[in-house]
A.B. asks: 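Here it is, the structure in full.
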Amino acid sequence: MTTLTPQEQTHPPVDIAHLRHTAAHVLAYAVQDLFPEAKPTIGPAIENGFYYDFDRSEPFTPEDLEKLEARMREIVASDYAMTGRRVSREDAIEAFRDNPYKVEIAREIPEGDPITLYTIGEFTDLCRGGHADSTGAIGAVELNSVAGAYWRGKSDNPMLQRIYGTAFTTQQELDDYHAFLDEAAKRDHRRLGADLDLYHVDELAGGGLIFWHPKGALMRGIVEQFIRDGLRERGYLPVITPHVVHENLYATSGHLENFADSMFGPIEVEGQRFRLKPMNCPGHILIYKNDAHSYRDLPLRFSEFGTVYRFELSGTLHGLTRVRGFTQDDAHLFCTPEQLQGEFEQTLDEALRLMDAFGFSGFEYFLSTRAERGPTDDIAEAAIRNALESRNLPYGIDEGGGAFYGPKLDINLHDAIGRKWQLGTVQVDFVLPERFELKYRGADGMDHRPVMIHRALAGSMERFFGVLIEHFGGNFPAWLAPTQAVVVPISEHQLDYAYEVRDKLRARGFRIDVDSSNEKLGYKIRHWKTQKVPYILVVGKSELAESKVNVNERSVEEKRNVTVDEFAEELAAKVAAKR
RNA sequence: GCUGGCGUAGCUUAGUGGUAAAGCACCACUUUGGUAAAGUGGAGAGCGCGAGUUCAAUCCUCGCCGCCAGCUCCA
């Protein structure tokens, strides 16, 4: 921590969160002027802007937002000073007696904490503070959308109307933010999934269920192969378990009592109740349990691309990143307590290897602890902490965010344009071995309880693929691209040669197509560029004569004529380097 | 699920209380063309689904479904 000089303290640089919090006050001020019947509740700064929740029976329309925005600009231009004063709890409650939300907040401020009111112009709000000095500090402000939000996030509370907006110190920063949003929209995997013909969700089949098209399935296969290679090297054993099993399995595992809301309902057959598999662990446990194990067998690492089904609320579904049926790159490790630490560290290394191969960076680690702690949680959490510390990785804590069977480590990462995603998770579990009475024979001749590690490194193939699409913006590197190169003949006189080039490259295992369409060269080039194919190989009269191809590499201006073998070597090198 | 918005050919959009228009994509033909869209022609939706109002509904009303932005949750 740096100590501020007195000068810096009197003129602190405007904190962007303070600026946006101030903008939220300005919004509430504007709402007070234009819609006096609306009751302000809370209005914090958030990652990319701010929001303010209002209680009002009439919905705010887009036209209302425009009027509010105009009024906000006036308030900003007036450059009202933000003045705060400390009041007693009674005074605060009295000041907001017509607003039950503010009263509730005032009542709940802990004894001893200051209760403060902040005023700009004619608007006073109950607020803990953290503002710019005056409204004039806001260089650019805009309102973005209205959405419903429950008071304090609880669905049995009244629904409020949340107005989202953002604010910056300068107009330039706002423009840059818009440019960022445009870039993000261009990378939207739902858009690119359709444009590049990778997958779709079908209304007839239901939301959140993914139909992988040939190109998408091909890419998924490449990712899966990469993961499989890593698993084999690290001694994981492949297993395959059923998608529908008797409900009793999940009663025993505890999923039915802890997880029922997320499970699809029972399927009745011959008076017996079956369930779609929501998690792979119970299945892997049954395989473990089917044999007697010695400590010499451990650690035992079972892996499966396990497809699971979870009932997510319809409103939460989103492209590939929030679905109802998905395949985890799942594995369960059964080990002795002594092995736990080392095994955990290895999974962490493997997770990093995977994320690194796809060019992700900015990893963040979160230790989620279990809400209902048991006697083994200290050991489990220690294993996670020690693993992180042994690799010198800083981490945050998410109290109570763990699985019902134990604490977990979540790995967040940043994509190419700096957005955060949560993919991999590694979890320590002393509970399921207990519930299923798992055991192994120790060196002492006695039975012991193994520890389990649950881990999914990519997370789910669906979400991982969605994130990959956005990370690369559809410009997949050659090793991943469903079509690595298209051979484009200039006229049909070179069509036979084009097929010859294609077959030669295909024989080396590359994914190559020929454009045999009756179109002009410019059209064909444009078409394949929009399809984001890494290489377009143009063959005309001169290439045919020299047995060469004219290489047009994606996002490289310069074109070059090389022989087919030279191109094959170049492509092979890229694929080997995973570029 | 809840709040708000939306739902017209594969995609993007136009349109009207009297049974729908365009561009791209698709198919055929002409053209054999050297680096981001050649020309002509053709086929394709009955306007998400259902009910109501009306002489008449894609356009009005209601319900359902789906999508989008959030709330919530998480791989």
Side-chain angles (χ1 to χ4, degrees), chain A residues 46 51 53 56 58-62 64-65 144-164 188 190-191 194-195 197 200-208 259 261-262 278-280 306-308 310-330 368 398 401 403 408 410-411 421-425 427 454-467 488-495 517-531 536-543 550-552 557 559:
Chain A
I46 53 175
Y51 67 79
D53 287 346
R56 176 175 183 245
E58 290 288 300
F60 290 108
T61 64
D64 293 342
L65 289 197
N144 305 118
S145 60
V146 196
Y150 299 107
W151 168 239
R152 306 218 139 156
K154 294 205 178 76
S155 57
D156 38 0
N157 280 343
M159 170 128 343
L160 308 170
Q161 292 188 65
R162 176 169 298 179
I163 300 181
Y164 282 90
D188 191 318
R190 294 167 301 178
R191 179 80 247 163
D195 288 350
D197 195 15
H200 86 281
V201 178
D202 203 293
E203 193 174 326
L204 191 57
F259 209 67
D261 288 350
S262 304
M279 281 185 163
N280 299 300
T307 303
V308 297
R310 298 185 188 171
F311 178 76
E312 302 287 354
L313 295 176
S314 56
T316 65
L317 301 175
H318 183 91
L320 290 169
T321 55
R322 191 91 204 142
V323 294
R324 283 178 172 166
F326 57 99
T327 301
Q328 298 175 298
D329 63 322
D330 210 356
S368 300
D398 175 11
K408 62 176 185 170
D410 288 326
I411 304 173
W421 303 90
Q422 200 245 302
L423 294 169
T425 176
Q427 314 176 350
H454 307 239
R455 42 114 289 177
L457 303 186
S460 83
M461 300 313 293
E462 283 75 10
R463 178 179 288 182
F464 190 69
F465 189 47
V467 174
V488 176
I490 289 173
S491 81
E492 66 183 23
H493 301 303
Q494 295 91 34
L495 194 53
S517 68
N518 179 20
E519 297 289 349
K520 301 187 79 161
L521 180 62
Y523 177 90
K524 292 192 262 199
I525 297 274
R526 178 182 180 278
H527 175 73
W528 295 110
K529 286 199 168 168
T530 61
Q531 286 294 301
I536 298 169
L537 307 177
V538 175
V539 294
K541 227 184 261 179
S542 64
E543 288 79 10
N550 182 251
V551 179
N552 294 236
E557 199 55 37
K559 294 149 189 70

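Reminder, nothing fancy here: chain letters follow the sequence lines and each chain counts from 1.
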A.B. asks: In terms of side-chain heavy atoms of A:Lys559, which of B:U12, B:C74, B:U35 is nearest?
C.D. replies: B:U35
A.B. asks: If you find the nucleotide of RNA chain B closest to A:Ile490 and the one closest to A:Gly424, which residue's nucleotide is nearer the 5' end?
C.D. replies: A:Ile490
A.B. asks: Has the side chain of A:Gln161 got a donor or acceptor that lies under 3.5 Å from a partner of the other kind on the base of B:G70?
C.D. replies: no
A.B. asks: When the P atoms of B:G42 and B:C24 are considered, how many whole Å apart are they?
C.D. replies: 14 Å
A.B. asks: For the side chain of A:Val323, counting heavy atoms from C-beta on, which of B:G34, B:A69, B:A75 is nearest?
C.D. replies: B:A75
A.B. asks: Is A:Glu312 side chain donor-acceptor paired with the B:A75 base, going by distance under 3.5 Å alone?
C.D. replies: yes
A.B. asks: For B:G46, is chi within 90° of 0 (syn) or not (anti)?
C.D. replies: syn
A.B. asks: Whole-Å distance between B:U72 P and A:Arg152 CZ?
C.D. replies: 13 Å
A.B. asks: Among B:U12, B:C73, B:G34, which nucleotide sits nearest the side chain of A:Asn550?
C.D. replies: B:G34
A.B. asks: Quick one: on RNA chain B, does A:Thr321 or A:Pro489 contact a more 5' nucleotide (nearest heavy atom)?
C.D. replies: A:Pro489
A.B. asks: Taking the same atom, P, in B:G4 and in B:G41, what whole-Å distance lies between them?
C.D. replies: 49 Å
A.B. asks: Per the atom types in the model, does the base of B:U32 pair as donor or acceptor with the side chain of A:Glu492 at under 3.5 Å?
C.D. replies: yes
A.B. asks: Given B:G1, B:G33, B:A69, identify the nucleotide with an atom nearest to the side chain of A:Thr316.
C.D. replies: B:G1
A.B. asks: Any N/O pairs under 3.5 Å between the protein and nucleotides 27-30 of chain B? List them or say none.
C.D. replies:
from	atom 1	to	atom 2	distance (Å)
B:U30	O4	A:Asn518	ND2	2.6

A.B. asks: If the P atom of B:C47 is compared with that of B:U31, how far apart are they to the nearest Å?
C.D. replies: 42 Å
A.B. asks: Would you say the base of B:A38 stacks on A:Tyr523 (centre-to-centre below 5.5 Å, plane angle below 30°)?
C.D. replies: no
A.B. asks: Measuring from the side chain of A:Arg162 (C-beta onward, heavy atoms only), which nucleotide among B:C68, B:C71, B:A75 has the closest atom?
C.D. replies: B:C71
A.B. asks: Which of these nucleotides, B:U72, B:C71, B:U12, is closest to any side-chain atom of A:Leu313?
C.D. replies: B:U72
A.B. asks: What nucleotide among B:A69, B:A36, B:C71 has an atom nearest to a side-chain atom of A:Tyr164?
C.D. replies: B:C71
A.B. asks: So if I take every side-chain heavy atom of A:Lys520 and compare against B:C65, B:G33, B:C71, which nucleotide ends up nearest?
C.D. replies: B:G33
A.B. asks: Could you please name the option among B:G1, B:U32, B:G70 that lies closest to any side-chain atom of A:His493?
C.D. replies: B:U32
A.B. asks: Can you tell me how far NZ of A:Lys529 sits from CG of A:Asn552, rounded to the nearest 0.5 angstrom?
C.D. replies: 6.0 Å
